[in-house]
J.: 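Quick one: the structure is below, questions incoming.
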2 protein chains.
Amino acid sequence: MNNAKGSAVTIRDVARESGFSVTTVSIVLNDAPLARYIPPQTKRCIEKAARDLGYRPNQLARYLRSKKSQTVGVMVFDITDPFCTPILRGIENSLYQASYLPVLADAHNERSRFERYLEMLLERRVEGLIVVANWLLVDINLLADLEKRSIPTVVIGGEIQTESINSVAVDNETGARLILDYLYSLGHRKIAFLRGPKRLSSSGKRWTGVRAFAHSMGLRLDPKLVLHLPDSLDPNSSFEAGYELTEELLNRRRAFTALVAYDDMTALGALRALAKARVRVPAQCSVVGFDDVAPAALSLPSLTTIRQPMETMGSAAVSIFVDSIKASLQKREFAAVHRKVAPELVVRESTGAPS
Amino acid sequence: MNNAKGSAVTIRDVARESGFSVTTVSIVLNDAPLARYIPPQTKRCIEKAARDLGYRPNQLARYLRSKKSQTVGVMVFDITDPFCTPILRGIENSLYQASYLPVLADAHNERSRFERYLEMLLERRVEGLIVVANWLLVDINLLADLEKRSIPTVVIGGEIQTESINSVAVDNETGARLILDYLYSLGHRKIAFLRGPKRLSSSGKRWTGVRAFAHSMGLRLDPKLVLHLPDSLDPNSSFEAGYELTEELLNRRRAFTALVAYDDMTALGALRALAKARVRVPAQCSVVGFDDVAPAALSLPSLTTIRQPMETMGSAAVSIFVDSIKASLQKREFAAVHRKVAPELVVRESTGAPS
DNA sequence: TCCCGAAGTTCGATTTAAATG
DNA sequence: GCATTTAAATCGAACTTCGGG
């Protein structure tokens, strides 16, 4: 409650207080081009009045003329997923630099929620949309949904190839190759795999990388040592699934010296199953994950994994968005960017030479 | 690009298309009181026009008259902290039910960033403010900052007692007592403590709970077995600190059968130090954390801890906010709410009877 | 013409008051 | 007075145009 009317201070209040017109106040406070004609004394007077009244320009009213809401929608598929948080941090940080504010939407992996949120964000006139498709469902129809909208959109985490939607993703194939190369050079030959859900594109890409490496080295991949995670939506389930699939693997009584899991949560589940079966890691079995999610560094033994530069990916998405805005401001065409970022091997305690 | 001008469809476009005035269109689409006088046929006609054009009401323009931005600022001290995410989920979920959208701000534990974000949120006319003070610094001045603003504010995670700011927090004292009661009943008498940073209020409360229980049971607390975490801002550092303090504790060569850590990250660090020193958990030493953060369930052994109902706390904050909005709508007074939620003991693998 | 400042219009919606039959 | 519809004012800021010294 800052003035007599009990509502917020407006530019009119500042005008009245300073004795100048709203126009002059607006020009001064925004340091508009015309401000150079205004004598310093007038400026000081107006600035003082604004300060005294605690004037805070109303960005929503400003939007009406400028059409710039200085806001972007950030749609996450599940904020509870540890994969999401570092990406969010990257997005937030870069947005902050650019004076944008993120409006957060969490789809809970539900299509209907995704659509409702999309509508809400559009009604709020976000200038862009960043979708963190961490887990499942870079669903073909959702993308179609997005393409129809005329605002710049960046998808993080899915290697997509549409013409109008930008994307940022790790190079999954290279990541997988990095793992195999490392294990192979340690001397591992009998390697088990907990592959990702079939519906996930990253799952396929990683497997391609595995096969490419195996082929080039003449390494045989034993089909009996390859299992698939179920097509589930819940990120927590991948820990459970990792545990259960590893038990199943152990029951097959087929020797392996290393286990490559689809992601870190799966690997953590595997670690637990191995501990229960009294298989020592890495002495008797090496374990590798993928993502380098926070808990990977905390486990005992800590997890060797492939790091996705998540924070960087978030920043990259924002910088694509910013470029796209700049282009449309200058009425330039802006071709969709598909940025692939490099994965990195992080060696920790869960891997070693086979005994 | 939805119409000839290349800009968004407005209510005027719908008016033109349907042949009615903007007033009528507005009344129909909002189902305003006057809508009962409008014949169904007119309604249908207008709704069809709106659909055909793909009309999406501009919430920002709407705000100008209604003063309702349908938006709340969510200020987090560090989104990277695993304590934050479940709270965010709770906030998001309840806000969604109420058709509000969260605008996210991450202070990175920096005061200047907090202030800048606060300013940005206020300029965007958020209707309320929810502050997740997960880690440090329910700083006296920050609160003063908040009190000056005239919008409803809820702080989660700090037990504060101001008159104008609402709060939601676990009952830390009870939580600590729960731990002691449990360990004592298992037979533990020599218990070591890794206390929280001195500046944190929760740290003091928990210690009060510990002492109260010890006193009531005639249990002696050995000062040589009590260490303090440093006053650091980085949540990751609590893992490091837990590791280092435990090593120091071990070096003191003073026997203890259980270790109570300030929070889960500290406990996880302790687990690692104990493993390195070949102290078996729980056989030789039980370990208890606090919070029940996601990694606590994933570790080996999994961590016994005190659960803060984080998602519930997020929801509670939103419901306080909603009540406060309702009250001001009806011009009722709304006294600050200080809600204390009950902690819960979660027994996992890291605790057992002393041998 | 150059400075300085103000009046008036605009953005997209809601709402009040009023005009029809 | 009633049912139906609408013109005009309004919200807060920015921008265009105009006038006086």
Side-chain angles (χ1 to χ4, degrees), chain A residues 2-3 5-46 49-50 53-70 122-125 127, chain B residues 2-3 5-46 49-50 53-71 122-127:
Chain A
N2 291 295
N3 63 3
K5 283 185 304 183
S7 56
V9 183
T10 77
I11 198 170
R12 248 170 289 269
D13 297 317
V14 179
R16 197 176 316 115
E17 173 81 6
S18 66
F20 291 93
S21 73
V22 286
T23 315
T24 312
V25 173
S26 172
I27 290 171
V28 169
L29 294 183
N30 292 300
D31 200 25
L34 258 56
R36 68 203 149 93
Y37 297 133
I38 293 179
Q41 198 197 330
T42 304
K43 289 188 183 174
R44 262 181 278 117
C45 173
I46 288 175
L53 293 176
Y55 171 67
R56 220 187 314 275
N58 186 328
Q59 298 294 342
L60 269 39
R62 177 177 281 174
Y63 154 85
L64 224 42
R65 295 237 43 161
S66 69
K67 299 287 122 179
K68 314 204 94 308
S69 66
Q70 294 288 78
L122 261 13
E123 285 181 353
R124 232 140 291 221
R125 300 302 191 259
E127 290 184 48
Chain B
N2 289 296
N3 63 3
K5 285 184 303 185
S7 56
V9 183
T10 77
I11 198 171
R12 248 169 285 271
D13 297 316
V14 179
R16 199 177 313 115
E17 173 82 5
S18 66
F20 291 93
S21 73
V22 287
T23 311
T24 311
V25 173
S26 173
I27 290 169
V28 169
L29 294 185
N30 292 301
D31 200 26
L34 258 54
R36 68 203 152 94
Y37 298 131
I38 294 180
Q41 197 196 331
T42 304
K43 288 187 183 174
R44 261 180 278 117
C45 173
I46 287 175
L53 293 176
Y55 171 66
R56 220 188 313 275
N58 187 328
Q59 299 292 345
L60 270 39
R62 175 177 283 175
Y63 155 85
L64 259 195
R65 291 232 46 150
S66 69
K67 299 286 123 178
K68 314 205 96 302
S69 66
Q70 293 288 82
T71 264
L122 261 12
E123 285 182 354
R124 232 140 294 221
R125 298 305 190 257
V126 294
E127 291 183 48

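First the proteins, then the strands, lettered A, B, ... as listed; each starts at 1. Since we're looking at a predicted model, the values are computed, not measured.
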J.: Once salt bridge (Lys or Arg N to Asp or Glu O under 4.0 Å) is applied, do any residues pair with A/Glu127, and if so which ones, sequence neighbours excluded?
T.: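 Counting only residues at least two positions away or on another chain, A/Glu127 forms a salt bridge (Lys or Arg N to Asp or Glu O under 4.0 Å) with A/Lys68.
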J.: Where is the tightest heavy-atom contact between A/Cys45 and A/Phe20, given as atom of each residue plus distance?
T.: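 Shortest heavy-atom separation between A/Cys45 and A/Phe20 comes out as SG-CE1, 3.9 Å.
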J.: Starting the side chain at C-beta, find the nucleotide from C/dA13, C/dC11, D/dA13 nearest to A/Arg12.
T.: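 From the listed options, D/dA13 comes nearest.
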J.: Look at the side-chain N and O atoms of A/Asn30 and state whether any lies under 4.0 Å from the OP1 or OP2 oxygen of D/dA13.
T.: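 For A/Asn30, the contact criterion (side-chain N or O under 4.0 Å from OP1 or OP2 of D/dA13) is not met.
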J.: Write down the atom of B/Ser18, the atom of B/Val25, and the distance for their closest heavy-atom approach.
T.: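 Heavy atoms only, the tightest pair is OG-CG2, 4.1 Å.
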J.: Residues two or more places apart in sequence or in another chain: which of them pass side-chain hydrogen bond (donor to acceptor under 3.5 Å, both in side chains) with B/Lys43?
T.: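 side-chain hydrogen bond (donor to acceptor under 3.5 Å, both in side chains) check on B/Lys43 returns nothing, list empty.
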J.: Are A/Ile46 and A/Glu17 close enough, and set up right, to give a side-chain contact (heavy atoms from CB on, under 4.5 Å), and what steps lead you there?
T.: CA-CA 8 Å; A/Ile46 288 175; A/Glu17 173 81 6; over 6 Å; no
J.: Scan nucleotides 18-21 of chain D against the protein and return all N/O pairs shorter than 3.5 Å with their distances rounded to 0.1 Å.
T.:
none

J.: Rounded to whole angstroms, how far apart are CG on A/Leu60 and P on C/dG12?
T.: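 So the CG-P distance, A/Leu60 to C/dG12, works out to 15 Å.
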J.: Can B/Leu29 and B/Tyr55 be said to form a side-chain contact (heavy atoms from CB on, under 4.5 Å), step by step?
T.: CA-CA 10 Å; B/Leu29 294 185; B/Tyr55 171 66; 3.6 Å; yes
J.: One character per nucleotide, please: for nucleotides 3-8 of chain C, 5' to 3', B when the base has a protein heavy atom closer than 4.0 Å, S when only the sugar-phosphate does, - otherwise.
T.: SSSBBB
J.: Quick check: do B/Leu64 and A/Leu60 have side-chain heavy atoms less than 4.5 Å from each other?
T.: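 A side-chain contact is absent here, since even the closest heavy-atom pair is not under 4.5 Å.
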J.: Closer than 4.0 Å, any side-chain N/O of B/Ser66 to the OP1 or OP2 of C/dT14?
T.: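 No, B/Ser66 has no side-chain N/O under 4.0 Å of OP1/OP2 on C/dT14.
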J.: Please report how far the helix from C/dC2-D/dG21 to C/dG21-D/dC2 bends, comparing the axis fitted to its first five pairs with the axis fitted to its last five, to the nearest 10 degrees.
T.: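 Comparing the first five pairs with the last five, the axes sit 80° apart.
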J.: Within the structure provided, determine whether B/Pro57 and B/Arg62 are in side-chain contact (heavy-atom separation under 4.5 Å).
T.: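 The answer is yes, as the side chains (C-beta and beyond) meet within the 4.5 Å cut-off.
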J.: Strictly below 4.0 Å: does A/Tyr63 bring a side-chain N or O up to OP1 or OP2 of D/dC11?
T.: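 It does not, given that no N or O in the side chain of A/Tyr63 lies less than 4.0 Å from OP1 or OP2 of D/dC11.
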J.: State, with a plain yes or no, whether a side-chain heavy atom of A/Tyr63 is found less than 4.5 Å away from one of A/Gln59.
T.: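 A/Tyr63 vs A/Gln59: side chains apart.
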J.: Tell me every residue that passes side-chain hydrogen bond (donor to acceptor under 3.5 Å, both in side chains) with B/Ser26, counting only those two or more places apart in sequence or in another chain.
T.: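 By the side-chain hydrogen bond (donor to acceptor under 3.5 Å, both in side chains) rule, B/Ser26 matches B/Asn30.
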J.: Pick the nucleotide of DNA chain C nearest each of B/Ala61 and B/Ala32; which residue has the one closer to the 5' end?
T.: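 On the 5' side of the pair lies B/Ala61.
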J.: So, is B/Lys67 close to the D/dG12 phosphate, meaning a side-chain N or O under 4.0 Å from OP1 or OP2?
T.: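 Result: yes.
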J.: Between A/Asn58 and B/Arg125, does the side-chain contact (heavy atoms from CB on, under 4.5 Å) criterion hold? Intermediate values first, please.
T.: CA-CA 7 Å; A/Asn58 186 328; B/Arg125 298 305 190 257; 3.7 Å; yes
J.: Rounded to the nearest angstrom, tell me the gap between atom CZ in A/Arg62 and atom C1' in C/dG12.
T.: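 My rounded result for the distance is 18 Å.
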J.: What is the separation between atom CZ on B/Arg125 and atom C1' on D/dC11, rounded to the nearest whole Å?
T.: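 Roughly 12 Å, once rounded to whole Å.
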